[in-house]
Amino acid sequence: MQTIILLGAPGAGKGTLAERVRDVAHYTHVSTGDMLRAAVKAGTPTGLEAKRYMEAGELVPDAVIMRLVEERLARDGDGKYMFDGFPRTDAQAVMLDEVLARAGAKVDKVFLLDVPQDVIVGRISGRRVCRKCGAVYHVANIPPKVEGVCDQCGGELYQRADDCEATVLNRLEVYNRQTAGLIDFYNKKGVLVRIDASASPKATADAMLELLG
Ligand code: AP5
């Protein structure tokens, strides 16, 4: 089993990079944000519980997240995993270590995506997502060929509910308060690699792929 983590502020580009790395290096992409949005859309008990935290830009409780991740790992089994947006608290990181240790595995590499805060706010405010297939665009940086329409499936593009300005500022605050401590956690373990993610998605993904060998 091989495990890498994409760590970075909201809007740093984790999902965008994950898609590229998944397609080239064949990792299973595990995004807790995507899993939660699917649960909210399906109206499952997990989705109903998570919705109010997500809309406020707060973190969903650790127990809910760990249940989702463990179910996912149990379903997919041994393999190459790329976590995006997980772990987000010290408790999640410790629990992930325990889950991996039971499978004889460990966290192999953590990519810290470095992007200045003003760039991040611009990325989030221009983000558009396909309602049908989940493909991610940006009105200026990565525009679709036809405004409002997904290049891949023709689905309608929309703005995420938690991408409004007030929620974004809280998400950044929550990141600094509850998640940024993981930089130190993984640095001490010697697995943290800092990546300049202010370049284009292709240049950043290529730098990551080179480090993955
Ligand atoms: P989640 O979906 O994980 O959101 P996030 O971490 O806030 O990250 P984002 O999805 O906003 O951004 P991203 O880094 O993936 O950037 P993207 O590639 O889209 O979580 C949502 C919520 O769920 C949380 O607030 C929380 O409530 C809950 N949650 C999830 N996981 C949890 C956990 N583990 N514990 C507790 N709660 C949890 O890019 C952003 C934009 O920039 C796009 O428009 C893109 O096109 C553009 N862009 C990307 N890269 C570039 C580039 N290099 N150059 C130019 N533009 C770019």
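Along the sequence shown, residues carry numbers from 1. Computation of the quantities below employed the complete heavy-atom set of this structure, encompassing side-chain atoms and omitting hydrogens, waters and symmetry-equivalent molecules. Each ligand, and each atom within it, is numbered from 1 in the order the structure gives.
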(message) Check whether Arg123 reaches the backbone of Ala12 with its side chain - one donor and one acceptor, N or O, closer than 3.5 Å.
(response) yes
(request) For the pair Arg131 (side chain) and Tyr158 (backbone), establish whether a donor and an acceptor sit closer than 3.5 Å, ignoring hydrogens and angles. (result) no
Closest protein heavy atom to [atom], given as residue, atom name and distance to 0.1 Å:
| atom | value |
| --- | --- |
| atom 16 (O) of ligand 1 | Gly13 N, 3.2 Å |
| atom 35 (N) of ligand 1 | Gln92 NE2, 2.9 Å |
| atom 27 (O) of ligand 1 | Glu58 O, 2.6 Å |

(message) Show the atoms of ligand 1 that are less than 4.0 angstrom away from any heavy atom in Gly15.
(response) 13 (P), 15 (O), 18 (O)
Using a heavy-atom cut-off of under 4.0 Å, does the side chain or the backbone of [X] touch ligand 1, or both, or neither?
| X | value |
| --- | --- |
| Val60 | both |
| Leu59 | both |
| Ile65 | side chain |
| Tyr175 | neither |

Flag [X] as yes when one of its N or O atoms lies below 3.5 Å from any N or O atom of ligand 1, and as no otherwise.
| X | answer |
| --- | --- |
| Pro87 | no |
| Tyr137 | yes |
| Gly126 | no |

Compute the minimum heavy-atom distance from [X] to ligand 1 and say whether it is under 4.0 Å.
| X | result |
| --- | --- |
| Ala199 | yes |
| Thr204 | no |
| Ala12 | yes |

(request) Answer whether the closest heavy-atom distance between the side chains of Tyr137 and Cys150 falls below 4.5 Å. (result) yes
(message) Can a side-chain donor-acceptor contact be found between Thr89 and Asp62 if the only test is distance below 3.5 angstrom?
(response) yes
(request) If a pair satisfies ring pair (Phe, Tyr, Trp, His ring centres under 6.0 Å) and one of its residues is in residues 10-53, list it, with sequence neighbours excluded. (result) none
(request) Out of Lys51, Arg88, Arg20, indicate the one that has the non-hydrogen atom closest to atom 24 (C) of ligand 1. (result) Arg88
